[in-house]
Amino acid sequence: MATVNDNYLKLKAGYLFPEIARRVAAFTEANPDAPVIKLGIGDVTEPLPQACREAMIAAVNDMGDRGSFKGYGPEQGYLWLRDAIAKHDFQARGCDIDASEIFVSDGAKCDSGNILDIFGHDNTIAVTDPVYPVYVDTNVMAGNTGEADDSGKYGGLTYIPISAENNFTAAIPDTKVDLIYLCFPNNPTGATATKEQLQAWVDYARANGSIIFFDAAYEAFITDDSLPHSIFEIEGARDCAIEFRSFSKNAGFTGTRCAFTVVPKGLTAKAADGSEVELWKLWNRRQCTKFNGVSYIVQRGAEAVYSEAGQAQIKELIAFYLENAAIVREQLTAAGMDVFGGVNAPYVWVKAPNGLSSWDFFDKLLHTCNVVGTPGSGFGAAGEGYFRISAFNSRENVVEAMKRITEKFSV
Ligand SMILES: *Cc1c(COP(=O)(O)O)cnc(C)c1O
């Protein structure tokens, strides 16, 4: 009989969101008239910017004309999009990144998982705790971990706690790790990393021959001008970092699908024979073999993000979500809760009041206020006692949810 990849059997059942759905369904069945507001989702709610829609409509029409029809495009993405990305997202911020180092894809989620294709299975791996679960689960699938313990931690992974106790800074490990996942602005905590903090990571990675996977999916939400948007703003990052970016959160492309990964030329890792191999070449080979590019129509939509109108429209979108986050922060603070994040990120990370566990707070909010959020413990053991509230929602829902919490929830 054929066999399966046994590593998949080590995965903890996708527990968090199904369990939230189960508890909400049970509650609404018992209370069919309860006006439940969901502030738990990591998906955008506002429609696509007009500039992107117009560009995609024009691109659809290009596809209807024999002269401008496009078949397979370059696996790496069309040069006009990669040029626009390199110029606006990197060169304009002083980063030495060229269009040839950008690989357009259909998602930062897929890329952050697929990147493991080009790395050995003997690497030691560090993630933050709490963490975006994709980093952990893709390593489990690839066979890079042992089994999970009762708290959900996998053998073989180094967990770097981030919490109020350490001001949500990821402390540099005192041991050597080969692959490090960093996500700033952070999902789920909304925390950010300063230039100095990222410099310390880059220095560590260069000293230890490590590679940093830097997920900057939320860079567009940075409002503090002193914060870096890209790891390539940091001296030496070309020698140790790969960056994931996405149009999902800045331009609402979660359902449209476009993202990119930056692999600097000259960045290397070691082969079994001890020689140094350029990661760009391996990723290029991987993409050319396993991926056939993002649709021409979607890439035209992504290109429009960089037009004058597109830039103005995404600024407005982000300002809208950040205003939601500000309302959440203000109201929960007024209700006596400790809140973090939500200033340079669309997530507010709340300390569950009165020593409640994440799930107890979830139940209490659902039952007393009919508001749904995400228990922090679902993102890792160090998330226990915290709660994530997403700013991705209508203003009306955010205002109403906060009104209920301030009126009905006594700390
Ligand atoms: C939403 C999100 C992404 C974006 O993923 P896409 O596949 O591009 O939609 C990447 N990383 C994190 C941490 C996210 O929350």
Side-chain angles (χ1 to χ4, degrees), residues 14 16-17 39-46 48-49 52 77 81 85 89 102-116 126-139 160 162 168 170 179-193 212-222 229-231 241-262 287 290-291 293-295 298-299 301-302 305 314 317-318 321-322 325 341-342 344-349 373-374 376 378-380 383 388-393:
L16 178 61
F17 290 100
L39 299 179
I41 318 158
D43 192 1
V44 298
T45 50
E46 291 295 295
L48 282 179
C52 302
L81 175 56
I85 293 168
D89 285 335
I102 289 161
F103 292 84
V104 175
S105 79
D106 58 350
K109 181 183 186 179
C110 348
D111 284 357
S112 66
N114 291 336
I115 198 75
L116 292 175
V127 294
T128 61
D129 178 11
V131 66
Y132 180 55
V134 175
Y135 313 148
V136 172
D137 287 358
T138 53
N139 273 291
I160 304 168
I162 48 173
F168 299 97
L179 304 178
I180 302 146
Y181 291 80
L182 295 177
C183 172
F184 290 108
N186 188 256
N187 177 10
T189 66
T192 54
I212 296 171
F213 297 141
F214 191 74
D215 185 339
Y218 295 97
E219 62 76 32
F221 290 84
I222 292 175
H229 288 239
S230 165
I231 192 134
I242 288 174
E243 182 163 300
F244 304 107
R245 290 274 191 113
S246 175
F247 295 98
S248 283
K249 312 295 165 38
N250 65 347
F253 273 48
T254 53
T256 305
R257 312 304 306 143
C258 199
F260 57 92
T261 288
V262 187
Q287 290 299 81
K290 292 195 179 182
F291 186 59
V294 175
S295 95
V298 168
Q299 289 191 65
V305 165
I314 68 162
L317 261 183
I318 290 156
Y321 291 128
L322 284 176
N344 298 285
Y347 299 116
V348 178
W349 190 242
T374 314
F379 297 101
R388 190 188 78 174
I389 295 205
S390 161
F392 293 129
N393 218 308

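Order of appearance sets the numbers: ligands from 1, and atoms from 1 within every ligand.
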When you measure from atom 5 (O) of ligand 1 to every protein heavy atom, which one gives the shortest distance, and what is it?
K109 N, 3.6 Å

Backbone or side chain, does any N or O of G42 fall under 3.5 Å from an N or O of ligand 1?
no

In terms of the angle between their ring planes, are F247 and F260 parallel, tilted or perpendicular, with boundaries placed at 30° and 60°?
tilted

Which protein heavy atom lies closest to atom 9 (O) of ligand 1, and at what distance to 0.1 Å?
S248 OG, 2.6 Å

Do any N or O atoms from the side chain of N186 and from the backbone of C183 form a donor-acceptor pair under 3.5 angstrom?
yes

Classify the angle between the aromatic ring planes of Y321 and F392 as parallel (below 30°), tilted (30 to 60°) or perpendicular (above 60°).
perpendicular

Per-atom filter on ligand 1: closer than 4.0 angstrom to a heavy atom of C183 are 13 (C)

re atom 7 (O) of ligand 1, the protein heavy-atom contact at minimum distance is R257 NH2, 2.7 Å

Look at the rings of Y347 and Y218 and say which category their plane angle falls in: under 30° parallel, 30 to 60° tilted, over 60° perpendicular.
perpendicular

Within-cut-off N or O pair, D106 and ligand 1, under 3.5 Å:
no

Considering non-hydrogen atoms of the protein only, which is the closest contact for atom 11 (N) of ligand 1, and what is the distance?
D215 OD2, 2.6 Å

protein heavy-atom neighbour closest to atom 15 (O) of ligand 1 works out as Y218 OH, 2.6 Å

Please confirm whether the backbone N or O of A108 pairs with a side-chain atom of R245, one donor and one acceptor, at under 3.5 Å?
no

List ligand 1 atoms under 4.0 Å from A217, heavy atoms only on the residue side.
3 (C), 10 (C), 11 (N)

Taking the side chain from Q299 and the backbone from G77, do they hold a donor-acceptor pair closer than 3.5 Å?
no

Nearest heavy-atom approach of T256 to V298 is O-CG2, 3.7 Å

Heavy-atom nearest neighbour in the protein, as seen from atom 1 (C) of ligand 1, with distance rounded to 0.1 Å:
K249 NZ, 1.2 Å

